Amino acid sequence: MSSPGTGIFGGFTNLCKGLAVILIGGHIVVQLLPTSVTYLALIPARTIPFGWNLITAGYIEQSVHGVVFSTLGLLFMGKLLEPIWGSKEFLKFIFVINFLTSVCVFVTAIALYYVTQQENYLYMPIAGFHGVLAGFLVGIKQIVPDQELPLLKIKAKWLPSLMLLLSIAISFFTPDSATYLPTLIFGTYMGWIYLRYMQRKPELKHRGDPSEDFAFSTFFPEFLRPIIDPIASIFHRMLCGKSEASTDAQGYTLGGASLPGSDPIEASRRRERGARALEERLATEKLAAAQNSQESQIDGADNV
């Protein structure tokens, strides 16, 4: 018999399992009580006074394929990210990205209504965990950027960009793209904002990841970066000027240029930890698969 918690479908953390139960439970609730969507999903016209839907909407999946995809994405990406970030930081990331994404989607829906005067932007129920999953892809880009995916033959650093490119392409052929595309875009951007500027590093004196390898322009092809970098630097100075000045005084910088011996070393260590954790998990899964195969052969021989 195979030991529990091994193989590709093993090794999931208790926190991820608990969150998966919440996603599945939320789906069951909206199926048994369809009217609950009014109170749990993000409906811009009803967010005031139902302000809690800025939080609950991210944990409600309205379709079967949505809850299956979100649950699997949470379990498999969480298996990589949580051991590196820690359970507390992993849970904080989920809460912050979910809330900020919902706020941005709410503001976007209101703006689209005033521009187009189409009331469907105010009353369409928006829900799903895909905004947080988009943020997880940014986390994978940060931790193991050069890890090549065996099936797709692409490096992990391109996962967020390819996901957004594919989603935008699909949106031209689907009538309900407004229910998922803004969530994916803002989930990706908020994930980058959090990891770039907000994530606390207990072992260091600054927040975030100021390395050049994680700059905003790295989401774009090389030939576009000379155009993206000046634009990104303007918004960076507008939004983070005071924080950057304070951090520079302590010996760090939140811009593209970091002091020698500080940020590049920390970024390299983080990537090494991520690659090491991924290699250990892959080795464990291969070992478990080999053991299962041997046990199956032994059981077959005993039966004979």
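Because the structure is predicted, anything quoted here is derived from the model rather than measured.
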Heavy atoms only: give me the nearest Ile97-Met190 pair and the separation to one decimal. CD1-O, 3.3 Å
Side-chain atoms of residues 88-95: list all donor-acceptor pairs with protein atoms under 3.5 Å, sequence neighbours left out, distances to 0.1 Å.
| residue | atom | partner | partner atom | Å |
| --- | --- | --- | --- | --- |
| Glu89 | OE2 | Tyr194 | OH | 2.4 |
| Glu89 | OE2 | Gln199 | NE2 | 3.4 |

How far apart are the C-alpha atoms of Leu162 and Leu166, what are their side-chain angles, what is the distance that settles it, and do they pass the side chain to side chain contact (heavy atoms under 4.5 Å, CB included) test? CA-CA 6 Å; Leu162 291 176; Leu166 181 62; over 6 Å; no
So for atom CD1, which belongs to Ile48, do other residues, nucleotides or ligands contribute more than 12 heavy atoms lying within a distance under 6.0 Å? no
Find the distance between CD (Gln117) and CG (Leu112) and round it off to the nearest 0.5 Å. 11.5 Å
Residue pairs meeting ring pair (Phe, Tyr, Trp, His ring centres under 6.0 Å), one or both in residues 31-67, sequence neighbours left out, come to Tyr39-Phe50, Phe50-Trp52
Would you name the heavy atoms of Ser63 and Gly66 that are closest together and state the gap between them? OG-N, 3.1 Å
Rounding to 0.5 Å, atoms CG (Leu23) and CG (Leu75) come to a distance of 9.0 Å
Residues that Asn120 engages under side chain to side chain donor-acceptor pair (under 3.5 Å), provided they are two or more places apart: none
CA sep, side-chain torsions, deciding dist, call: Ile22, Phe129, side chain to side chain contact (heavy atoms under 4.5 Å, CB included): CA-CA 11 Å; Ile22 292 176; Phe129 198 67; over 6 Å; no
Can you tell me which residue among Val105, Leu42, Leu100 is in a side chain to side chain contact (heavy atoms under 4.5 Å, CB included) with Leu54? Leu42
Val21: hydrophobic cluster co-members (side-chain, 4.5 Å): none
What residue pairs, at least two apart or across chains, pass ring pair (Phe, Tyr, Trp, His ring centres under 6.0 Å) with a residue in residues 142-184? none
Testing the basics here: between Asn53 and Ile43, what is the closest heavy-atom pair and its distance to 0.1 Å? ND2-N, 4.1 Å
Output yes when a side-chain donor or acceptor of Asn98 lies under 3.5 Å from a complementary backbone atom of Ile55, and no otherwise. yes
Return the CD1 to CD distance between Ile84 and Gln142, rounded to the nearest 0.5 Å. 9.5 Å
Cluster partners of Leu40, using ILVMFWY side-chain heavy atoms under 4.5 angstrom, listed by chain and number? Val29, Val30, Val37, Ile60
Answer yes or no: is there a donor N or O on one side and an acceptor on the other, between the side chain of Thr101 and the main chain of Thr183, under 3.5 Å? no
Quick one: side chains of residues 134-141, donor-acceptor pairs under 3.5 Å with protein atoms, not counting sequence neighbours, listed by atom name and distance.
| residue | atom | partner | partner atom | Å |
| --- | --- | --- | --- | --- |
| Lys141 | NZ | Lys157 | O | 3.3 |
| Lys141 | NZ | Thr218 | O | 3.3 |
| Lys141 | NZ | Thr218 | OG1 | 3.3 |

Spacing of Leu164 atom CG and Leu181 atom CG [to the nearest 0.5 Å]: 8.0 Å
Going by the rule ring-ring contact (aromatic ring centres under 6.0 Å, His included), which residues pair with Tyr123 if we only count those two or more places apart in sequence or in a different chain? none
So which pairs with a foot in residues 216-225 pass salt bridge (Lys or Arg N to Asp or Glu O under 4.0 Å), sequence neighbours left out? Glu222-Arg225
Shortest non-hydrogen contact between Met124 and Ala178, atoms and distance: CE-CB, 3.7 Å
Count I, L, V, M, F, W, Y as connected when their side-chain heavy atoms are under 4.5 Å apart, and connections chain through other members. Are Val115 and Ile110 then in the same cluster? no
Just how far is it from atom CD1 of Ile227 to atom OG of Ser217, taken to the nearest 0.5 Å? 11.5 Å
Could you tell me how the ring of Tyr189 sits relative to the ring of Phe216: parallel (under 30°), tilted (30 to 60°) or perpendicular (over 60°)? perpendicular
Drop me the distance from Leu74's CG to Cys16's SG, to the nearest 0.5 angstrom. 4.5 Å
Looking at residues at least two apart in the chain, or sitting in another chain, which of them share a side chain to side chain donor-acceptor pair (under 3.5 Å) with Glu82? Thr13, Ser87
With Ser70, which residues qualify under side chain to side chain donor-acceptor pair (under 3.5 Å), at least two apart? Glu61
Test of understanding: clusters of I, L, V, M, F, W, Y form through side-chain heavy atoms closer than 4.5 Å, transitively. Do Ile228 and Leu165 belong to the same one? no
Residues pairing under ring pair (Phe, Tyr, Trp, His ring centres under 6.0 Å) where one sits in residues 99-122, two or more places apart or in two chains, turn out to be none
Does the side chain to side chain donor-acceptor pair (under 3.5 Å) test come out yes or no for Ser211 and Asp209, once each step is laid out? CA-CA 6 Å; Ser211 65; Asp209 179 1; 2.8 Å; yes
